[in-house]
Amino acid sequence: MIAQIIVDVPVNRTNRPFDYHVPPWLRPLIRVGSRVVVPFGPRQLQGYVIGIVEDDEALPDRSRLKDVVQVQDDTPPLTPELLKMSEWMSKQYLCPWVTAVQAMLPAVLKGKSEKWLTATDALDEEACGRSGLLWELFRKRQLPLTEVEKQFAEEYLLVPGWIQSGLLATEYQVRDKITRKQQSFVRSLLDEGKLEEAIGSLPARAEQMRRVLQLMLVHKEQSLSVQMLRDEYGITRSPLKSLESKGWIAIEQVEVYRDPYANRRFQEKQKPVFTPVQKEVLTPILQSIESGTYASYLLHGVTGSGKTEVYLEAIERTLEKGREAIFLVPEISLTPQMVERFKARFGADVAVLHSALSQGERYDEWRKIIRKQVRVVVGARSAIFAPFRNVGLIVIDEEHESSYKQEETPRYHAREVALWRAKENQGVLVMGSATPALETYALATRGRYELLRMPERVGNRPMPEVHVVDMREELQAQNRSMFSRKLHEMIADRLAKEEQMVIFLNRRGFSTFVMCRSCGYTMRCIHCDISLTYHKTNHTARCHYCGYTIAQPKHCPECQSEHIRFFGTGTQKVEAELAKLFPGIRVIRMDVDTTSKKGSHEELLNKFRTGQGDVLLGTQMIAKGLDFPRVTLAGIIAADTSLHLPDFRAAEKTFQLLTQVGGRAGRHELDGDVVIQTYTPEHYSIIHATKHDYPAFYQDEMMQRRRTGYPPYFRLVLITFSHEDVPVVIRGAHTMADYLRQRLAQTTVLLGPVASPIARVKDRFRFQIMLKYRDEPQLSDLLAQATAAFEEWNKQQKVLMTIDVDPYVLL
DNA sequence: CCAGGTCACAAC
DNA sequence: TTGTGACCTGGC
């Protein structure tokens, strides 16, 4: 038996299957999709089985094949579908196949190859002599080499000699990080009659023991968790021990899932009565689910239009059809409310996957999926890889969010993967947004997705009234505060009415760089081409990209002025200003500083929900999905800070942001207002946002994109090169550019090579090429060939190249 | 002449 | 990615 295996060496040269002989004892265990350990060169590595050939005779010179060393799981973590999907991703995004595979699996499954030092039979007491290391190895038989290096630094140099003389040997081991949580449970060893007898025989004061036995009587056959007995009945360890020694109960270690939502009750909500619009959009979706064939929908619904109910209903119908559902959200920890709704509706049938989980928790949720214990997954980007076997529905909420694009290899977009998966499974894809990505909307208008509209809020709630304030006029009116008179007045009004508000600060532009007020000098990283960020906690200035840190200087290095200071973390400044203007105002500030601790996010939101704050103040993270009945005002401090970024999506992002923030206000009984402060009130993204007019924005923005040749009219590929020498990196970029230029279609534009907007990171200079194309059917193949040619050239140099298909970040 | 470092190359 | 062996440099 021969296994075809891709190994964990993520470079192009080894990006192909290698053949291994499967020894007889592994044959019953090994499967396509298995994780295995194989020898590779002088090492041992982790690999994945992508194919199995039963008939050895079919392959020539099998005698030269090495043996598979180990199969790491009894059930393969990769389903056939995931395997196929990873192969597609590797082609689509030009990444090594293993990298795509690893992106699909929980991080704890990634094995690390370690070198160990082992004792041979020749190592006896005598041979150990006075060496501490040899004695340690004599006792333990083996130690990881890294440990030896650390603990026996002075003897480390002698190791090669000992290996030569045959006392020691080296060996490779592949270890993953799988851990399983164990919990103690007690189980009764007595039948019912005996139990009652035993209760009677206990002395009167053995109250805890009696309690336990009584509980066993009630819960018959079931095991009781020791933790539960302690928490709910105050039963301590020792009575359990004595019951055990009497032979009445057994205390057992049982494996349990790490569940961050354990001990939480979720209230089951009644299914809502659907509005006519909800019914209207549900009809085609449910029909598609019913028919069990591929279909895709763009659900364009204004904020508060009740999209979630539509999703939930579609999921329920999918489950009824015996199929599974994936629900993607931008970043789930941001919307505990969403999790709550799912847990309430589908109970234990849901697994939740998001970045705030620990690796162990993530693994446990993932196992619920692969063991078929759940049928619904709610999660962020990577949840699209949930190892279901029969996905019938994929929902992407807030479809336009950029967090669906992964910014490291594999640089995939969850929307694109979802589309592939829906087609592959004859499933239904539903994408929802109040502000669809231009690409998506364009495809919908061309019929590639069916467009469904929900133009009104549930219960005919009016859209909030939007007030645009021209900050230039404020300045003329001698108002130099960051709050306009309008916003000031409305905050005061809400405070008086005891209603709540959300104040949003567009983080960018308000960043925390350090600048001299006298000469304008800004502190920059010595390794990277960007400004340093001020960190309050230890008064340092730090580089975002490479971690370079220096103490905050007291004098400007240029002009010696003392007026060098950081330009405050926006939110803190706003908070201080609010406190000054409105004494006694209760502000809940959400930013990186206040939400870094696990669970603090939810805690702050809960505080706000329960009315312990008047203002929720924050950055991007408060713009999405929050739904608080008493919020009647949304304020945006500086709408245009995102408008002037060197990014062709700047206007789109601004429009989305304004619409989303605006959508937080007046969702329930009370009417809402939105105040947008801006220096460019005439910009179309602001004008259309105030009127809640997506189609108009779409028209204007499409004109811009057409004029400038950006998506959706053109598709992009960004190729970035980096090297510590400018001439080398330039030559590399030109080599690639020349190769491509000769082979690209006439209509394709190749821009560059030019220096990247961030021209240096970690002492490496960066250049880039941008491809803009409309019709390039063989592009992935061409890029693969170009990469091969580039690598041929790159043999002597060490230029790093990354290819980003449909990039979001152009820096 | 050898220790120590650099570098291209292969990996089933 | 990483270990290996070929090759080079420099010190004696």
Side-chain angles (χ1 to χ4, degrees), chain A residues 1-24 26-27 30 32 34-72 87 90 94-103 105 107 109-118 144-146 148-149 156-161 163-164 168-177 408-410 722-725 728 732 764 787-802:
Chain A
M1 187 193 258
I2 284 162
Q4 296 163 320
I5 291 165
I6 50 167
V7 293
D8 183 13
V9 182
V11 290
N12 278 322
R13 304 197 57 196
T14 53
N15 186 25
R16 63 186 176 83
F18 288 82
D19 291 335
Y20 285 87
H21 175 251
V22 183
L26 290 178
R27 283 176 200 179
I30 200 164
V32 171
S34 290
R35 281 190 315 151
V36 290
V37 176
V38 290
F40 195 68
R43 301 178 288 158
Q44 284 198 8
L45 294 175
Q46 191 176 53
Y48 300 87
V49 179
I50 59 138
I52 288 176
V53 183
E54 294 288 343
D55 182 12
D56 296 29
E57 314 302 323
L59 281 153
D61 64 347
R62 66 201 155 93
S63 54
R64 296 226 319 273
L65 298 186
K66 291 182 180 173
D67 276 7
V68 174
V69 174
Q70 202 193 121
V71 176
Q72 294 183 284
E87 190 179 11
S90 141
L94 297 129
C95 68
W97 194 349
V98 260
T99 316
V101 165
Q102 282 162 346
L105 300 177
L109 291 188
K110 186 177 155 69
K112 227 184 125 215
S113 176
E114 280 180 330
K115 203 172 181 177
W116 288 62
L117 211 50
T118 61
L145 207 63
T146 46
V148 174
E149 208 177 340
Y156 187 69
L157 290 171
L158 302 170
V159 168
I163 293 173
Q164 282 264 275
L168 302 179
T170 52
E171 176 183 301
Y172 286 88
Q173 290 187 12
V174 175
R175 269 208 307 193
D176 58 34
K177 286 175 275 174
E408 311 104 69
T409 1
S722 76
H723 193 273
E724 55 256 285
D725 295 328
V728 179
R764 298 177 68 92
T787 305
F790 173 78
E791 273 173 8
E792 190 57 38
W793 173 87
N794 200 28
K795 271 181 177 168
Q796 294 95 301
Q797 4 280 319
K798 287 203 173 59
V799 176
L800 283 183
M801 177 175 76
T802 53

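Chain identifiers are assigned alphabetically (A, B, ...) following the order of the sequence lines, protein sequences preceding nucleic acid strands; residue numbering begins at 1 within each chain. FYI, side chains are in, hydrogens and waters are out, and symmetry mates aren't considered; it's all heavy atoms of this structure.
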Show the nearest heavy-atom pair for residues [X] and [Y], with the distance to one decimal.
{"X": "A:V36", "Y": "A:Q72", "result": "O-OE1, 3.8 Å"}
{"X": "A:D67", "Y": "A:P39", "result": "O-CD, 3.2 Å"}
{"X": "A:V98", "Y": "A:V7", "result": "CG1-O, 3.2 Å"}

Requested in this report: Verify, without hydrogens or angle tests, whether A:S34 (side chain) and A:V71 (backbone) share a donor-acceptor contact under 3.5 angstrom.
Outcome: no
Query - Under 3.5 Å: donor-acceptor pair, side chain of A:T118, backbone of A:A169 - result: yes
Report task. Describe the nucleic acid contact of A:F40 in one word from base, sugar-phosphate, nothing, applying a heavy-atom distance below 4.0 Å. Result -> base
Of the candidate nucleotides [options], which contains the atom at the shortest distance from the side chain of [X]?
{"X": "A:K66", "options": "B:dC12, C:dG3, C:dT1", "result": "B:dC12"}
{"X": "A:V11", "options": "B:dC12, C:dG3, C:dT1", "result": "C:dT1"}
{"X": "A:R43", "options": "C:dT2, B:dA11, B:dA8", "result": "C:dT2"}
{"X": "A:V9", "options": "B:dA11, C:dT4, B:dC9", "result": "B:dA11"}

Within this structure, what is the [atom1]-to-[atom2] distance between [X] and [N], rounded to whole angstrom?
{"X": "A:E792", "N": "B:dC9", "atom1": "CD", "atom2": "C1'", "answer": "12 Å"}
{"X": "A:K112", "N": "C:dT1", "atom1": "NZ", "atom2": "P", "answer": "14 Å"}
{"X": "A:L65", "N": "B:dA11", "atom1": "CG", "atom2": "C1'", "answer": "13 Å"}
{"X": "A:Q44", "N": "B:dC12", "atom1": "CD", "atom2": "P", "answer": "12 Å"}
{"X": "A:L45", "N": "B:dC12", "atom1": "CG", "atom2": "P", "answer": "10 Å"}
{"X": "A:Q46", "N": "C:dT2", "atom1": "CD", "atom2": "P", "answer": "15 Å"}
{"X": "A:D8", "N": "B:dA11", "atom1": "CG", "atom2": "P", "answer": "18 Å"}
{"X": "A:Q797", "N": "B:dC7", "atom1": "CD", "atom2": "P", "answer": "12 Å"}

Requested in this report: Determine: side-chain N/O of A:Y172 to OP1/OP2 of C:dG3, distance under 4.0 Å, yes or no.
Outcome: yes
Query raised in the report: Phosphate oxygens OP1/OP2 of B:dA10: is one of them under 4.0 Å from a side-chain N or O of A:R13?
Result: yes
